[in-house]
Amino acid sequence: MAAVASFVSPSAIAPLRRSCAIASRRFFCSPSSASRASRTQFRGLTRTAEQRSLKSAEVAASVVAASRSQAFYWAIPARKMSEVAASAVGQSTGGPDSSEHLKSPVVSVDWLHQHLKDPNVKECHIPSALFFDVDGVVDPISELPHMLPTEAAFAAAASALGLSNEDNLIVYDGKGLFSAARVWWMFRAFGHENVWVLDGGFPKWRAKNYPVESTVSPDVLQKIESASGSVKKIYTQEKVEPSTFKAELQPHLVWSRDQVLNNIGDKKFQLVDARSKGRFDGTAPEPRKGIRGGHIPGSTCVPFPEVLSSEGTLLDASELAGKFRGSGVSLDSPIVASCGTGVTACILALALHRLGKKDVAVYDGSWTEWGMDPNTPVATNIPANH
């Protein structure tokens, strides 16, 4: 299935040069698009190509929604970083903070809409869109889902989308807050800190009756195809276009099976599992065949929906702290997040980032890797009479 991602991109935090938004969602296709897009319809926001020539002291923001086959976005002309900071920082709407670089890992739909509704903003549809496919930008060799690709492959995909290391990204998805967190974490795992998640995602945006678009061009489709195609070319050692994005893996944010195994003994890190309590206990079946039920010995269960509100937004800091502490997680000790396939673990990492824990690692293979390996230890909480 196609997972979508939308982003807003200006530049590095001091003077932001341009800003862009990313959406991560799934769609059904419209019959009017190109062959591969014949079943996917997109709603999103666009930006103008003129943003590329903005002065370095200015900010241009754009929002993008994308699927494997389509993408749209709106453009926000330049605005000085001081103005953005003055209007965003410390307010309930939330937004990027110039003084502290990042006050929160999320921004609200109101904040984003406010900046999209600048008097000088022009609604537009452009031939090339920013899009990130969490199912396409992966390690194609691995038998596990969603595994991080190499630095070169990630850089090639980001470059194919026209991204650079000066871009600030705002990510959203179609469920509210789900796969957007994975995209947020992926960029951070490859050294790109200027990334936020749109709180509540596309459903929150639609609930506010903010505008959307639903058309696509062949050029946009080609750009999206190129991103996933570039990943495959790197793995097959084929030539790709020169890179505009440098990816530098941050090893402390990505854990392997061996690291988790070693941690069972030394217990230096707390392992927090985002799966449901039933799956964690081993009383509910795993959704994938051949995967054992239960959990990694010594881990703690914090199901990812517990860190979200009924509207699909991230809980505030005090509520989040209560959730984690109430589950037995110490916020004073290092944490590694896990889940089923490495997606919802990123929601826990996002929530913990809001609490100031910016170095939470994710076990990339997560339970799919652990549960399918007959040599890894598994614990359960199954009642004797179950």
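Residues L161 and F245 form no side-chain contact, since every pair of their non-hydrogen atoms from C-beta on lies 4.5 Å or further apart. At a threshold of 4.5 Å between non-hydrogen side-chain atoms, the residues H353 and W184 count as touching. Residues I296 and I264 have side chains in contact (heavy-atom distance under 4.5 Å, counting atoms from C-beta outward). F280 is listed as a side-chain neighbour of S299, based on a closest heavy-atom distance under 4.5 Å. T344 is not listed as a side-chain neighbour of P303, based on a closest heavy-atom distance of 4.5 Å or more. Within the 4.5 Å cutoff, the side chain of W185 has no heavy atoms near those of the L350 side chain. Residues V254 and L249 meet the side-chain proximity criterion, which asks for heavy atoms closer than 4.5 Å. Residues R288 and T341 have side chains in contact (heavy-atom distance under 4.5 Å, counting atoms from C-beta outward).
When each of T376, N262, D373, D364 is paired with R257, the side-chain hydrogen bond (donor to acceptor under 3.5 Å, both in side chains) condition holds for D373 and for no other.
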*asked:* As a quick check of understanding, evaluate side-chain contact (heavy atoms from CB on, under 4.5 Å) for E193 and K358, giving each step before the final call.
replied: CA-CA 10 Å; E193 286 288 339; K358 300 179 181 181; over 6 Å; no
*Audit row: S243, S159, side-chain hydrogen bond (donor to acceptor under 3.5 Å, both in side chains) steps and yes/no*: CA-CA 5 Å; S243 178; S159 298; 3.0 Å; yes
*Test R279 against E286 for salt bridge (charged side-chain N to carboxylate O under 4.0 Å, His left out), laying out the working first.*
CA-CA 6 Å; R279 290 174 64 189; E286 284 296 312; 2.8 Å; yes
*Applying side-chain contact (heavy atoms from CB on, under 4.5 Å), run through S228 and V231 and close with a yes or a no.*
CA-CA 5 Å; S228 295; V231 172; 5.7 Å; no
*Decide side-chain contact (heavy atoms from CB on, under 4.5 Å) for L177 and D199; before the verdict, give the C-alpha distance in whole Å, the side-chain angles of both, and the deciding distance to 0.1 Å.*
CA-CA 7 Å; L177 208 167; D199 209 7; 3.9 Å; yes
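Of the inter-residue distances, the one linking S333 atom OG with F269 atom CZ reads 10.0 Å to the nearest 0.5 angstrom. With values rounded to the nearest 0.5 angstrom, L308 atom CG is found 8.5 Å from L320 atom CG. The OG atom of S276 sits 9.5 Å away from the CZ atom of F304 when rounded to the nearest 0.5 Å. Once rounded to the nearest 0.5 Å, the distance linking CG of L163 with CZ of F187 reads 5.0 Å. The structure places SG of C339 at 8.5 Å from CD1 of I347, a figure rounded to the nearest 0.5 Å. Atoms CH2 and CG, from W205 and D110 in turn, are 9.0 Å apart once rounded to the nearest 0.5 Å.
Both V195 and F190 are assigned to one and the same hydrophobic cluster, defined by single-linkage of ILVMFWY side chains at heavy-atom distances under 4.5 Å. A chain of hydrophobic side-chain contacts below 4.5 Å, direct or via other Ile, Leu, Val, Met, Phe, Trp or Tyr residues, connects I335 to L314. Transitive grouping of hydrophobic side chains (ILVMFWY, heavy atoms separated by less than 4.5 Å) brings W255 and L271 into a common cluster. Hydrophobic clustering (ILVMFWY, side-chain heavy atoms < 4.5 Å, transitive): V302 and V360 are in one cluster. By the rule that hydrophobic residues join a cluster once side-chain heavy atoms approach within less than 4.5 Å of another member, L148 and L253 end up as members of one cluster.
A cation-pi geometry, defined here as NZ or CZ lying under 6.0 Å from the six-membered ring centre and within 45° of its normal, holds between R275 and W367.
With a 6.0 Å radius and a threshold of 12 heavy atoms from other residues, nucleotides or ligands, K357 has its NZ atom above the threshold. Atom CD of E238 sits in a crowded spot, with more than 12 heavy atoms from other residues, nucleotides or ligands closer than 6.0 Å. Around atom CD of Q250, more than 12 heavy atoms belonging to other residues, nucleotides or ligands sit under 6.0 Å away.
No donor-acceptor pair under 3.5 Å is formed between the side chain of T313 and the backbone N or O of S309. Checked by atom type and distance alone, the side chain of Y235 pairs as donor or acceptor with a backbone atom of T150 at under 3.5 Å. Between the side chain of N165 and the backbone N or O of H192 there is no donor-acceptor pair closer than 3.5 Å. Judged by distance alone, the side chain of T236 and the main-chain N or O of K233 form a donor-acceptor pair under 3.5 Å. Proximity of a side-chain donor or acceptor of R182 to a complementary backbone N or O of C346 within less than 3.5 Å is not detected. Not one N or O on the side chain of S366 forms a donor-acceptor pair closer than 3.5 Å with the backbone of G340.
Across all non-hydrogen atoms, the minimal contact from S230 to A157 is CB-N, 4.3 Å. P383 and T283 make their closest contact through CD-CG2, 4.2 Å (heavy atoms, listed as atom of the first residue, atom of the second, distance). When all heavy atoms are compared, the tightest approach of V343 to S179 is CG1-CA, 4.1 Å. Between I291 and M372, the closest heavy-atom pair is CD1-CB, 3.5 Å. Shortest non-hydrogen contact noted between T300 and S327 is CG2-O, 3.1 Å. Of all the heavy atoms in G294 and V378, the pair that sits closest is CA-CG1, 4.0 Å.
Listed by first and then second residue, the salt bridge (charged side-chain N to carboxylate O under 4.0 Å, His left out) pairs that reach into residues 309-332 are K204-E311, sequence neighbours excluded.
Annotation: salt bridge (charged side-chain N to carboxylate O under 4.0 Å, His left out) contacts of D281 (sequence neighbours excluded): K277.
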